[in-house]
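The next block holds one structure in the form of structure tokens; read it before the comments.
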Amino acid sequence: MTKRIIDTELNEPQRKAVNSVDGPVLIIAGAGSGKTRVITYRIAHMLDRGIPQSAILALTFTNKAAREMETRVKELTRKKLQNLTVCTFHAFGLKILREECELLGYRKNFSIYDETDKVSLIKESLRECRMNPGKVDLYELSQNFSKIKTGLAKWTDSANMEEVHDVYQQGLKIYNAVDFDDLLTIPLELLEKNNDIAEKYRKKFRYIMVDEFQDTSFIQYRMMKLLAGKKDANVCVVGDDDQSIYSWRGANYENILLFEKDFPERIEIKLEQNYRSTSTILDAANGVISHNTGRKEKKLWSRQESGKPVELFYPENESAEADFIASQIRNLIISDDFKYHDFGVLTRTNSLARNIEEAFLAENIPYRVSGGTSFFQRKEIKDIISYLRIIANPDDDVSLLRIINTPRRGIGRITVSQLNEAAKRNHTSIRDALLRMNYAKTHGQQGLFSEKGASTELEEFSAMIDNFRDLMLERKGEPGKPWRLSACLRTLIENIDYWSYLVMEHVRDEKKARWKFSNIEYFIRMIESWETDPDNFDAGLYQWLNRISLITRDDGEDDVKGKVNLSTIHAAKGLEFPVVFIAGAEKGLIPHEKSIGEEEDEGSVEEERRLFYVAITRAREKLYVTSCLQRRRMQNTVSCEPSPFLAEIPQDLIKFHDKGKENEVADDNEAQDFIAQMRAMLE
DNA sequence: CACTACACATGCACG
DNA sequence: ATGTGTAGTG
């Protein structure tokens with residue numbers, strides 16, 4: 001069945017990519033060349049040839065890509081695919097970590113720290129090293145720690161952060177926790193040092209695919225190479241060097257060159273026919289990307305007609321920009337019968353989406369924001385997750401400190417710092433310090449605190465946690481009723497009276513309190529539907545926590561129908577829309593000032609150009625680019641220049657909107673003036 | 001010793 | 001808009 005589809009629906013190189021199942025394969029897939037299609041058909045084809053599901057490992061870059069790939073293969077094969085492994089590198093690392101954790105010195109209830117948890121542990125570590133966390137750029141430090149861990153940097157700076165890093169690492173170990181970097185580095189080290197374990201995984205996964213290969217880091221590359229094992233392994237990587245936009249995360253498109261070196265017998269396939277965009281859009285994209293150096297040779301072409309010109313508009317400020325986008329959407333829906341979900345509005349940063357959101361709300365345009373802080377990052381949800389984590393892993397101090405006095409229960413700063421001291425003295429977790437304290441007390445000694453200390457509150461708190469640990473992990477449900485994690489959690493939230501806490505925190509804003517509480521309710525329902533899913537054979541507290549730890553972005557809701565998609569360019573990778581707006585195409589945003597400011601190297605500007613290229617190539621029929629003349633930054637208004645990349649779009653593809661007359665296109669003379677002005681500005 | 005109110009600075013992309 | 005630090009109160 002699949003064969004017929006392959007023969008009729010694919011072009012020559014695509015067919016070749018799908019049929020080359022054995023041996024190493026490198027696929028260079030230009031934007032819109034049907035990459036996802038090739039990957040899903042390739043997996044379907046492998047299954048057709050009788051390769052067992054369990055022997056296939058498909059590694060992706062985002063959760064969304066993994067989910068999409070899985071559903072598409074499912075649709076294609078109409079099989080259940082219980083044993084097919086399609087996941088992100090991080091999820092795969094976690095899988096190994098879980099399977100081999102006792103060997104690695106972790107208990108199976110380990111916590112996974114996200115960026116926020118990581119930063120609070122770094123703060124703790126700084127304090128312990130008697131440094132002032134307020135004086136350090138925590139975000140930057142956190143990134144440096146990552147670079148050190150993943151081997152992308154060595155200690156050079158004069159500030160002695162090496163000690164802080166050591167304390168941080170010890171902290172993780174004591175708390176039985178890992179960070180996101182560990183999810184990759186620990187499994188890699190394990191496989192590198194234990195050939196028999198590596199061999200076990202090699203035997204299992206005989207066919208490996210890696211999507212978005214240009215965005216893999218060196219660590220991930222080594223992981224893949226190790227799993228492949230030999231230089232004629234069945235490993236297929238798919239990527240496009242022009243779309244490499246994650247170098248700040250350690251991605252290195254030179255992995256493509258490494259692959260060529262490490263797998264000399266590879267077949268190389270180039271997918272260069274673009275099925276997505278009009279040739280105008282494609283030419284615009286090519287015009288921009290051609291300014292980059294050291295690209296892999298490729299010529300994207302399209303059979304489609306030229307289509308509409310790229311429209312460029314210089315709004316007065318960000319609210320004029322938002323109004324313009326909203327009104328264009330309205331107009332196009334009426335004139336060209338587009339639907340709301342045909343529009344994608346892309347911005348460089350999340351914060352830029354705010355203004356546009358407001359305009360959409362005012363104009364009653366339904367929209368969906370992807371990217372931005374995830375549902376799981378919201379304060380109220382993080383609080384509840386911390387309760388779950390501390391129940392699962394009592395040594396998790398970061399979570400403990402978060403909730404020990406949330407809601408207020410009379411355990412204040414001093415008590416907490418005394419506990420912390422005691423724990424640090426013994427190199428243990430706070431939970432351990434608490435146990436010691438209680439032990440001392442029952443044996444008649446005076447514990448940590450004088451008579452009137454917060455010791456009763458502490459006892460009550462730990463008794464409450466212990467009680468729920470019994471309930472959630474020993475699964476002691478009410479007799480006759482099926483045990484449910486969601487039900488236990490509901491009891492817990494009632495027990496701690498989180499609702500009253502929310503009301504207290506937002507006196508004068510009950511709406512907000514209600515909204516936050518409804519988020520919690522939603523969270524509980526998520527657990528409920530997950531644990532009652534008949535396909536879920538492994539529903540438990542640890543599983544749930546692991547699962548949500550890997551979701552860092554809101555890409556869950558798939559009711560995309562009927563909504564304008566508002567997202568960052570990064571989050572839009574892999575998506576396409578009939579109409580695309582690129583908002584805020586200004587110097588300092590694209591390219592982002594951080595990439596030019598610190599003259600790190602020419603490379604970062606090239607990455608920003610690739611980012612712009614990715615944005616352009618999301619469009620199928622029509623592309624709008626807006627660049628504000630002024631924009632509010634923090635408190636004050638600053639004037640802006642258009643992005644230098646705009647001048648790299650071939651001019652004859654552009655139509656200019658006259659400022660002020662939003663819905664009219666300026667005549668050609670005026671357009672030429674604009675170009676001349678812009679040129680002059682850039683010179 | 002805990003809690004509240006108020007002043008203060010700060011804000012990129014993703015797993 | 002958000003979290004963090006500080007001073008004053010019960």
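Just so it is clear, the values below take in all heavy atoms, side chains as well, and ignore hydrogens, waters and symmetry mates. In the text below, chain A, chain B and the rest are named by the order of the sequence lines, each starting its count at 1.
The shortest heavy-atom contact between Arg618(A) and Ala31(A) is NH2-CB, 4.1 Å. Pairing each heavy atom of Asn420(A) with each of Glu124(A), the nearest pair is ND2-OE1, 3.3 Å. Taking all atoms of both residues into account, the shortest heavy-atom contact from Gly584(A) to Glu321(A) is N-OE2, 2.8 Å. Of all the heavy atoms in Val178(A) and Asp182(A), the pair that sits closest is CA-OD2, 3.5 Å.
Atoms CD1 (Ile590(A)) and P (dC12(B)) sit 16 Å apart, rounded to a whole Å. Rounded to an integer number of Å, the gap from CH2 of Trp515(A) to C1' of dA1(C) is 16 Å. Per the geometry, CD belonging to Glu140(A) stands 11 Å off P belonging to dG11(B), to the nearest Å. Nucleotide dG15(B) holds its C1' atom 15 Å from the CG atom of Leu97(A), rounded to whole Å. Taking atom CZ on Arg354(A) and atom C1' on dG11(B), their separation rounds to 13 Å, with Å as the unit. Counting to the nearest Å, the P atom of dG15(B) and the NZ atom of Lys64(A) are 9 Å from each other. In this structure, Asp215(A) places its CG atom 16 Å from P of dA13(B), rounding to the nearest Å. Between the P atom of dC14(B) and the CG atom of Asp211(A) lies a distance of 17 Å, rounded to the nearest Å.
Two residues are said to be in side-chain contact when any heavy atoms from C-beta on lie closer than 4.5 Å; Leu191(A) and Ile96(A) meet this criterion.
Close to dG11(B), at under 4.0 Å from its OP1 or OP2, lies no side-chain N or O of Thr349(A). Regarding contacts with the backbone of dA13(B), a side-chain N or O of Asn350(A) is found under 4.0 angstrom from either OP1 or OP2. Side-chain N/O atoms of Thr415(A) include one lying less than 4.0 angstrom from OP1 or OP2 on dA2(B).
Counting only heavy atoms from C-beta on, His592(A) has its side chain closest to dC12(B) among dT4(B), dC14(B), dC12(B). In the set dG15(B), dC12(B), dT4(B), the nucleotide with an atom closest to the side chain of Arg348(A) is dC12(B). Closest to the side chain of Asn405(A), from the set dC1(B), dC3(B), dA13(B), is dC3(B). Here dT4(B) is the nucleotide among dA13(B), dG15(B), dT4(B) with the atom lying nearest to any side-chain atom of Arg408(A). The side chain of Tyr139(A) approaches dA13(B) more closely than any other nucleotide in the set dC1(B), dA13(B), dG15(B).
Residue Gln143(A) is in base contact, counting any heavy-atom pair closer than 4.0 Å across all strands shown. Counting non-hydrogen atoms under 4.0 angstrom, Asp137(A) reaches nothing in the nucleic acid. Contact annotation for Ser351(A): no contact, since no heavy-atom pair falls under 4.0 Å across all strands.
Annotation: cation-pi pair Lys123(A)/Tyr168(A) absent, no NZ/CZ under 6.0 Å from the ring centroid and within 45° of its normal. Seen from the ring of Tyr246(A), Lys573(A) does not count as a face-on cation partner, given the 6.0 Å and 45° thresholds.
Comparing Met504(A) and Leu550(A) against DNA chain B, the residue whose closest nucleotide sits nearer the 5' end is Met504(A).
Once the 5.5 Å centre distance and the 30° plane angle are applied, the aromatic ring of His570(A) is found not to be stacked with the base of dC14(B).
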Distances for protein N or O near nucleotides 2-4 of chain C N or O, under 3.5 Å:
residue, atom, partner, partner atom, Å
dT2(C), OP2, Lys512(A), NZ, 3.3
dT4(C), OP1, Lys123(A), NZ, 2.6

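Atom CG in Leu183(A) sits 6.5 Å away from atom CG in Leu550(A) (nearest 0.5 Å).
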